[in-house]
S.K.: 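Next up is a structure, given as structure tokens.
Hydrogens, waters and symmetry mates are skipped; everything else that's a heavy atom, side chains included, is used. This one's a predicted model, so the numbers in the text were calculated from it and none came from an experiment. Quick note on labels: first sequence line is chain A, next is B, and so on, each numbered from 1.
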2 protein chains.
Amino acid sequence: MPRADARANRAALLASAAQRFAIDGADVALEKIARDAGVSIATLYRHFPHREALVAATYAREIEDLAEVPDDGSGSVALARWLLRFVEFARTKRALGDLLHAPGADHPPARGVLLDALDRILTRGRADGTLRDDRDPADVLALLAGLWTLPDDDTWPVRADRLAGFVLDGLTTTR
Amino acid sequence: MPRADARANRAALLASAAQRFAIDGADVALEKIARDAGVSIATLYRHFPHREALVAATYAREIEDLAEVPDDGSGSVALARWLLRFVEFARTKRALGDLLHAPGADHPPARGVLLDALDRILTRGRADGTLRDDRDPADVLALLAGLWTLPDDDTWPVRADRLAGFVLDGLTTTR
DNA sequence: TTCTAACCGTAGGAACCCTACGTTTCGAGG
DNA sequence: CCTCGAAACGTAGGGTTCCTACGGTTAGAA
């Protein structure tokens, strides 16, 4: 159990981070987040050793939510539902793009969590014959990276749905 | 006609940039490129007011190459060939990812050039019935953004081909 | 050879990242 | 209620990169 002041500072940092990431994007200065939270930059680094850790912690709950895959329904239906949720996720959490799609070879934990979820869905679809068996979770995530490149205007939802639909189409066997 | 020394410096900068982008990636310090070229950082900024301009100029020739689309063959065949070239493009010019897929609403010229090429291909495929008519060039480019998120190891070519194949499959009508 | 517009480098401010180090404070145990 | 040490804190500063202001230098036309 950490000290009470440490816990409070951590919470304040996460709150500021969520706000700043939403307003200024993923590249906002960490010193700005620290200032908003009323703590020094050193405290931020003590709690979150690098930017990635702060981003991951900020969205930890949402990532866990997205990692849960209901057990009912066919693989293709599960995928369709998951994609809907993922699109909403991408729309509201633009700062996570860098984290999920970093070209580096070492996956951040958040990426692994989502890959696991996709793996469960693909496995189920493979078993019940509703999904093709020649794609893996990383392929799906790579295709969805495009969600973070779409222009940030009113056309976003339409384009995003079309992109997700494209992915779903390409994965389903029924056709 | 600019002065001879200005032309030489510009050429030296482009040569250094090509080398540095290939070795160190898109985020290499501009001062390093300037030093390699034997000029000062101010000279670099005078020729290329921002990083984007330098990247675009460095790969201008290759982008123009990729913008040329042969007139023969069906739309789907043209698309297949173009995708092969684009994959090779992505493999050798990783620094261009940021430029082609910047989320901002204002397209850099290089992006527009490729969108035009894709548009010609899609239009042809729509005319001859080999390509679906409900996708636009920006959709295709968004799907291909995933190429820049793949891990930089030996599995790259395989994953890249699979991704491009997925895009092609999803666009062709013959099935 | 002269002269000026174009080009160049030096120098430095500003923003950000990250760490070393001395100080303060919480809260468990007496 | 006090003591006291571990844990947490902030200040300060070095390093890097971006970008610009300004005065010196040079190419090349007349």
S.K.: Does A:A4 reach a base, just sugar-phosphate, or nothing at all? Heavy atoms under 4.0 Å.
M.R.: sugar-phosphate
S.K.: Round to the nearest Å and state the distance from B:M1 atom CE to D:dA27 atom C1'.
M.R.: 13 Å
S.K.: Quick check: A:F89 with A:W148 (ring centres under 6.0 Å apart)?
M.R.: no
S.K.: For D:dA8, does either OP1 or OP2 sit under 4.0 Å from a side-chain N or O belonging to A:H47?
M.R.: no
S.K.: Can a donor-acceptor pair under 3.5 Å be found between the side-chain atoms of A:R3 and the base atoms of D:dA7?
M.R.: yes
S.K.: Calculate the interatomic distance between B:F48 atom CZ and D:dC18 atom P; express it in whole Å.
M.R.: 15 Å
S.K.: Charged N to carboxylate O below 4.0 Å: is that the case for B:R162 and A:D134?
M.R.: no
S.K.: What's the CZ-P distance between B:R35 and D:dC18, to the nearest Å?
M.R.: 11 Å
S.K.: Check DNA chain C against residues 7-16 of chain B and give the residues with a non-hydrogen atom under 4.0 Å, in numerical order.
M.R.: B:N9
S.K.: Which nucleotide in the set D:dT26, D:dC18, D:dA21 lies at the smallest distance from any side-chain heavy atom of B:R51?
M.R.: D:dC18
S.K.: So A:L30, base contact, sugar-phosphate only, or nothing? Heavy-atom distance under 4.0 Å.
M.R.: sugar-phosphate
S.K.: Tell me: OH of B:Y45 to P of D:dT17, nearest whole Å?
M.R.: 11 Å
S.K.: By side chain to side chain contact (heavy atoms under 4.5 Å, CB included), which residues pair with B:E64, not counting sequence neighbours?
M.R.: B:V113
S.K.: Would you please name every residue forming a side chain to side chain contact (heavy atoms under 4.5 Å, CB included) with A:A80, sequence neighbours left out?
M.R.: A:L168
S.K.: Excluding sequence neighbours, so at least two apart, what forms side chain to side chain contact (heavy atoms under 4.5 Å, CB included) with B:E31?
M.R.: B:I41
S.K.: May I ask you to say whether A:R10 pairs ionically with A:D5, meaning some side-chain N is under 4.0 Å from a carboxylate O?
M.R.: no
S.K.: Figure out the CG/C1' separation between B:D5 and D:dG24, and round it to whole Å.
M.R.: 14 Å
S.K.: For A:A6, which contact category applies under a 4.0 Å heavy-atom criterion: base, sugar-phosphate, or nothing?
M.R.: sugar-phosphate
S.K.: Please report, rounded to the nearest Å, how far the P atom of D:dT17 is from the CG atom of B:D24.
M.R.: 10 Å
S.K.: To the nearest angstrom, how far is B:D27 atom CG from D:dT16 atom C1'?
M.R.: 14 Å
S.K.: In the structure I gave you, are the side-chain heavy atoms of B:T130 and B:T172 within less than 4.5 Å of one another anywhere?
M.R.: no
S.K.: So, applying salt bridge (Lys or Arg N to Asp or Glu O under 4.0 Å) with B:R94, which one of B:D24, B:D152, B:D27 is it?
M.R.: B:D152
S.K.: Quick check on DNA chain D: between A:R46 and A:I41, whose nearest nucleotide comes earlier from the 5' end?
M.R.: A:R46
S.K.: What is the 5' to 3' range of DNA chain C, first to last nucleotide, that sits under 4.0 Å from any heavy atom of chain A?
M.R.: C:dC16 to C:dG27
S.K.: Mind listing the side-chain donor-acceptor pairs of residues 48-57 of chain A below 3.5 Å, one per line with the distance, residues two or more places apart or on another chain?
M.R.:
{"residue": "A:R51", "atom": "NH1", "partner": "A:A26", "partner atom": "O", "Å": "2.7"}
{"residue": "A:R51", "atom": "NH1", "partner": "A:V28", "partner atom": "O", "Å": "2.9"}
{"residue": "A:R51", "atom": "NH2", "partner": "A:V28", "partner atom": "O", "Å": "3.1"}

